[in-house]
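Here is the structure we will look at.
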Amino acid sequence: MLLKGVQLLRGGLASPPKCYNFRLVCRSLSVQYGDVKTLTPAVREYVDKCVNLCQPDRVHICDGTAAESKLLQGLMLKQGTILPLPKYTNCWLARTNPADVARVESKTFISTERKEETVPVTPNATPGTLGNWISDADLKAAIAERFPGSMKGRTMYVIPFSMGPVGSPLSKIGIEITDSPYVVESMKIMTRAGTPVLDVLQQGDGQFVKCLHSVGTPASGVQAQASWPCDPERTIILHKPAENEIVSYGSGYGGNSLLGKKCFALRIGSTIAKREGWLAEHMLILGITDPKGVKKYITAAFPSACGKTNLAMLNPSLANYKVECVGDDIAWMKFDSQGLLRAINPENGFFGVAPGTSKETNPIAMSTVFKNTIFTNVASTSDGGVYWEGMESSLAPNVQITDWLGNPWTKESGKPAAHPNSRFCTPAAQCPIIDSAWEDPAGVPISAMLFGGRRPAGVPLIYEARDWTHGVFIGAAMRSEATAAAEHKGKVIMHDPFAMRPFFGYNFGDYVAHWLSMEKRGKVPKIFHVNWFRKSDQGKFMWPGYGENSRVLEWVLRRVNGESCYVDSAIGHIPAEGELNLAGMKEQVDVKQLFSLPKDFWTQEVEDIRNYFESQVGADLPASIYAELDKLKARIAEL
Ligand code: SAT
Ligand code: MN
């Protein structure tokens, strides 16, 4: 059917749209799928603008249905973007261009009128350590250099999506425009995407975050890999908080392209949260029920690839404890009318790191991911399954392995079979321990927050902040070993305040001030710092981690309940002797070593934190945080 130049293959319009309210018609553009009538005038205008800029051949308005997924899976199979995994149900393997495997922090920018709205401006600040600023003129130039005609020959997909349960007062809506069917299918897992979101938009205030994404076409015009088009040399990820707008070019991978996740839920989300008086954080949310049946919810912020998914799906080794999962990556938290801090998981799926996930480390994830899942850059097996480092014990005998690059692989080849940042993208609802309240529009009440990271030396298993300001200081002073989730090389210890360093939507100093202000808005939870990764002088992990971390959570719950099971130390409250429950542990743990506070280490740590604060944040960091650092220094001096 061809109506005034609009070809409608599916869905369709009862009557042709009028030129004046939908200029797509005038460009003789073919709307291949979907119903333009379902779009609000503001969405139509945005789509129209993107069409004019990117010049796709066709437009597809996503409805979010299974039939649509079938169609796109068929297309991606034909294009070679995905391979079937017949060992499982509705599972697919995508292999990216090897130059497009992680977030690119150095090419991620935020645009505000004044630079200091985005980043602290100090004489010695290293560019990029707390985000990158771009002027409006440079942002416009970057778009003009990349986007015109970037979708030529491709279909433009329009994805309406909700971050958070559709219609919840805590949720926010986005429209992602993309030329990648892989992004469409991933967004349909990671967010609530499709027609019901458009209905909410029609009935509500009509507000949405604009998310434009194109995998791009290299300046040479030659795609290195037709099955995974991208333009790594010119990749750029732009945010304009004042306009609630995201523009991403050149990468099809993860946080660069699934714009609901880091770009919206964290960077733009944190700016909205600041304006509206709530928190958008890089935190998992879990529910834990003790043997008496009392349930509490806690959040935890660790940098990418430090085990958030594993903790969110913890299989407790302590008898009669139960952990249930609300989310594994992002928490949006707001005080309710009673002053209780309530959290929702704005996401709908898990985009988890595959290597290291196994029956031993995360049996719950392993029973989640083998249906309706898109795997990216993992290895595959000759029996139609997947493989990654850590899955050795589930490997059937005599299977041949193909690595993430598509080459035959054996253990002897000396390289990893799966890329270290390979991922599973899987629906959260499939998780066998998904919490019954995970989609509660009101959110779940938060009793405690954990900060943590990979700290091989000096940092004990757990310590508790003395009060809210001390807790905010602990978040601001967080450090961790670099991970494979971004482009960093080697295992250097990096500052990663609040595990948000790559995700702040505005000046980190103002962010800390916003956190401090939360104490005045309601009942703030207790704050703790955990480190599962301390190593002995012999280089061995001192704590077994995984299910045994339930022992640490038990102590957290006892503290939340007001038990005085602690002693004060130089860095905060730690478990009093005998109060960390080690009964029945298989492994011998040297508790004294695990909680030791080496004076040399902590003297250096205080210096490093001061150096970081002064050079990177300067006068933008609230004075009370510098005061906490001074107090810590004085206590360390007495060790
Ligand atoms: O690739 S993502 O940014 O979405 C994942 C992560 O870094 O946590
Ligand atoms: Mn993350």
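On a predicted model such as this, the values are computed, not experimentally measured, just so you know. Remember, it's 1-based here, ligands and their atoms both numbered in the order they're listed.
Near R423, the atoms of ligand 1 lying under 4.0 angstrom from a non-hydrogen atom of the residue are 5 (C), 6 (C), 7 (O). Residue K262 has at least one heavy-atom neighbour below 4.0 Å for each of these atoms of ligand 1: 2 (S), 3 (O), 4 (O), 5 (C), 6 (C), 7 (O), 8 (O). When each atom of ligand 1 is checked for a heavy atom of S304 under 4.0 Å away, the hits are 6 (C), 7 (O), 8 (O).
Both cation-pi conditions hold for K274 and Y506: the charged atom is under 6.0 angstrom from the six-membered ring centre and inside a 45 degree cone around its axis.
When heavy-atom distances to ligand 1 are checked against a 4.0 Å cut-off, F351 comes that close only through its side chain, counted from C-beta outward.
Using a 4.0 Å cut-off between a side-chain N of Lys or Arg and a carboxylate O of Asp or Glu, D231 and R146 do not qualify as a salt bridge.
Between H529 and Y463, the angle of the ring planes stays under 30°, which puts this pair in the parallel group of the 30/60° scheme. Between F424 and W388, the ring-plane angle classifies as tilted under the 30° and 60° cut-offs. The aromatic rings of F533 and F541 lie perpendicular to each other, with more than 60° between the two planes, well past the 30° mark.
In the candidate list S257, P502, G255, G255 is nearest to atom 2 (S) of ligand 1, counting heavy atoms.
Residue R103 has at least one N or O atom closer than 3.5 Å to an N or O atom of ligand 1. Residue contacts with ligand 1: K261 is placed with no nitrogen or oxygen under 3.5 Å of a nitrogen or oxygen of the ligand (distance criterion only). The N/O atoms of D329, backbone and side chain alike, include none that comes under 3.5 Å of an N/O atom in ligand 1.
Taken to the nearest 0.5 Å, the OG atom of S270 stands 12.0 Å off from the CZ atom of F498. Note that CG of L553 is 4.5 Å distant from CD1 of I298, once rounded to the nearest 0.5 Å.
For a distance bound of 2.8 Å, the N, O or S atoms of K261 include none lying that close to the Mn ion (ligand 2).
Looking at H282 and the Mn ion (ligand 2) together, the shortest N, O or S contact belongs to NE2. When distances from the Mn ion (ligand 2) to the N, O or S atoms of D329 are compared, OD1 comes out shortest.
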Steps toward side-chain hydrogen bond (donor to acceptor under 3.5 Å, both in side chains) verdict (T309, D328): CA-CA 5 Å; T309 307; D328 80 329; 2.7 Å; yes
